[in-house]
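Reviewing the structure listed below.
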Number of protein chains: 2
Amino acid sequence: MASVFPLADLKASVKSDSRQGSRSDSWPASWVDTIIKGDCVSALEALPSHSVDIIFADPPYNLQLGGTLHRPDQSLVDAVDDEWDQFASFEAYDAFTRAWLLACRRVLKPTGSIWVIGSYHNIFRVGATLQDLNFWILNDIIWRKTNPMPNFKGRRFQNAHETMIWASPSAKAKGYTFNYDALKAANDDVQMRSDWLFPICNGSERLKGEDGKKAHPTQKPEALLARVIMASTKPGDIVLDPFFGSGTTGAVAKRLGRHFVGIEREQDYIDAASARIAAVEPLGKAELTVMTGKKAEVRVAFNVLVESGLINPGQVLTDAKRRYSAIVRADGTVASGGEAGSIHRLGAKVQGLDACNGWTFWHFEDGQSLRPIDDLRSVIRSDLAKAE
Amino acid sequence: MASVFPLADLKASVKSDSRQGSRSDSWPASWVDTIIKGDCVSALEALPSHSVDIIFADPPYNLQLGGTLHRPDQSLVDAVDDEWDQFASFEAYDAFTRAWLLACRRVLKPTGSIWVIGSYHNIFRVGATLQDLNFWILNDIIWRKTNPMPNFKGRRFQNAHETMIWASPSAKAKGYTFNYDALKAANDDVQMRSDWLFPICNGSERLKGEDGKKAHPTQKPEALLARVIMASTKPGDIVLDPFFGSGTTGAVAKRLGRHFVGIEREQDYIDAASARIAAVEPLGKAELTVMTGKKAEVRVAFNVLVESGLINPGQVLTDAKRRYSAIVRADGTVASGGEAGSIHRLGAKVQGLDACNGWTFWHFEDGQSLRPIDDLRSVIRSDLAKAE
DNA sequence: TATACTGGTGAATCTCGGT
DNA sequence: CACCGAGATTCACCAGTAT
């Protein structure tokens, strides 16, 4: 399991397979459940046509980072500045994308489908290229991260998600696998949505080198791959990953009773992935119904009440005994006597305390009575519950 | 308010404005707070350069030239499965996208930013075109729908989100507005993420025609626009919407004390939007005050504390744990063990770091407790505020 | 043994004004 | 344009150590 296949050997082996006639004669093919060492496009071109069921691709994102970035405590952010992520221009990136996607399409069965993950740096280019090559987009899927890295300089929104595109090889190809009922059953009997919530990969799941440092800079969480594979493959299918990296795709495929093929250039990554996959124990048939992921959290912030019109800008809030009052502003902050801030900060400030729960401290007029604004949060929450 | 401006009249008016010299002579310009009737690109080309603060665009995502909206509907999918036609229509869509984005960039101030919303049918092409035109993507934002349309056929994931791209006009343009502190305060004191949760627009907010049918097929919720506008504009800014439709952008901009400009071809939509905007009551100045953080405070240099006697030459400063100490000198520098410099440089040096905020690092004795010298800066600032 | 505290870190296109 | 220096800026989670 997880043996390494130098590209030259692969070519000879595929040739010999084809000489023996129909594929079933030599099933499983020599390259199944191996990591092919070599360039992504060359390796894809060495594989037989229409031979894999799905492709999961995590290509370089082409990040364009300025200098170094420090956290507020002055510690250095360990950025992805590897050579393999550098491209000279958008044109170069597009040519690369086109080449590997074309090679993927030849290898993919007509009944197969392809997943590509990326961030705003590259995903729009990937998506447009997929369409240009007449792939047919089935969904874009949002991986919402429970614990993303913050924006340290406060100049943008916290980049809290990545995007996956799921596509079939052409508009006419309707035979792709989609385990709708299993997903629905696993999702409390409602349809699986296009936004998924998972933590990023760290802790014991994160592969570490002998130096204790992360073995790969962009290791994806197994839960994410598990949902992808459970959604769009059947047991025994072949899952190809042309940018194998730390081998998450292979590890999850093996665990879920699927075959894998990885393509990877760097020996260090191949070594880490081989050892990792060797340690994986496939699940029994009965256990293959898992991974519902995290239930969507029901955090409701104060600005949601303002944006939804339950609280209006200009409205006056008071504490339960009407000793303090504050005015709601359109930006979702509250103001009182020259001071302004969040419901929590201002509640603390007017009382001269360090902290305060603004949800229970501030009240609004409801007819003749005062009610805590927390009551309105309950309204939002029950709306959300109905919706989900 | 919300008067309609035929394109021919607009051209004459802008010409006459420019003859009068500086913009302040004719402010607000004739085209502000109006709906320009006409083709999107022609209307944009008639507006002055660098004249609007942000652009919010909800472009059509029909990939056919005919103008019918593309929906993920089986019959329409079948209609475009000819590969050549499909490629031709992508090209046409790209040319259209390029044209209106270029026209937008000329009209946008260098300190402005642009938002574009779309779904997987068009957003990848829009994003790639933005990058090709050297717009600089700041974030992609996911609008998660609480109540999306179900997927009836059970062949895909429920399409439960749309994507917005937020971009500045170039990588070098750093002056865009982002009300980070207000967003954070409104979000229970944690920074705002890139995934936003809102219901789709229905119920009483949804504009209906006399026949009781929806007036516009893709009316966006006001809450979504409110967050966009509160995040990236200041009161009094001009918000341009080149695909005005039912006028959500104009209605929210007016309510939030911003100016708007809409461009729309169809008279029915113009009529609906005009009436809608006319009924909007703008909020007052107090409600529209945007919370700001330290970055917006007046600068107070350390030597001001020394000159005003709040800190005395010879006084000893330490860090919070009394591991490092420094002596204040009369010129407003501090010295420690042969080294000297600004509070920031010396703070960095004693810790062996590249940078340090001396205001929060250095403390002074106040009775038995240590307080950061930043507390004294607040004293100066409140004195300054009283003096005004 | 349980709890509290400290330190580390993750695909990041992350300041701004003056000279 | 470049360069310089002031000084502003983080969330969730895990692991290891101290109480």
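Reckoned from all heavy atoms, side chains included, excluding hydrogens, waters and symmetry mates. All values reported here derive from a predicted model rather than from experimental measurement.
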Hey, is the side chain of [X] poking within less than 4.0 Å of OP1 or OP2 on [N], counting only N and O atoms?
X      : N      : value
B:Y180 : D:dT10 : yes
B:N357 : D:dA8  : yes
B:K294 : D:dT9  : no
B:R299 : D:dG7  : yes
B:R377 : D:dA8  : yes
A:N202 : C:dG8  : no
B:H344 : D:dG7  : yes

Measure up the A:W196 and A:W115 rings against each other and bin them: parallel (under 30°), tilted (30 to 60°), perpendicular (over 60°).
tilted
### Task
Using a 4.0 Å heavy-atom cut-off across all strands, classify A:R155 as base, sugar-phosphate, or nothing.
sugar-phosphate
* Asked: Base, sugar-phosphate, or nothing for A:P221, non-hydrogen atoms under 4.0 angstrom?
  -> nothing
ask   = Is there a donor and acceptor pair, one atom on the side chain of A:Q74 and one on the base of D:dT9, closer than 3.5 Å?
value =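 Pair found.
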Between C:dT13 and A:Y120, is there a base-stacking contact, meaning the centre of the base's six-membered ring lies under 5.5 Å from the residue's ring centre while the planes stay under 30° apart?
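Answer is no, no stack.
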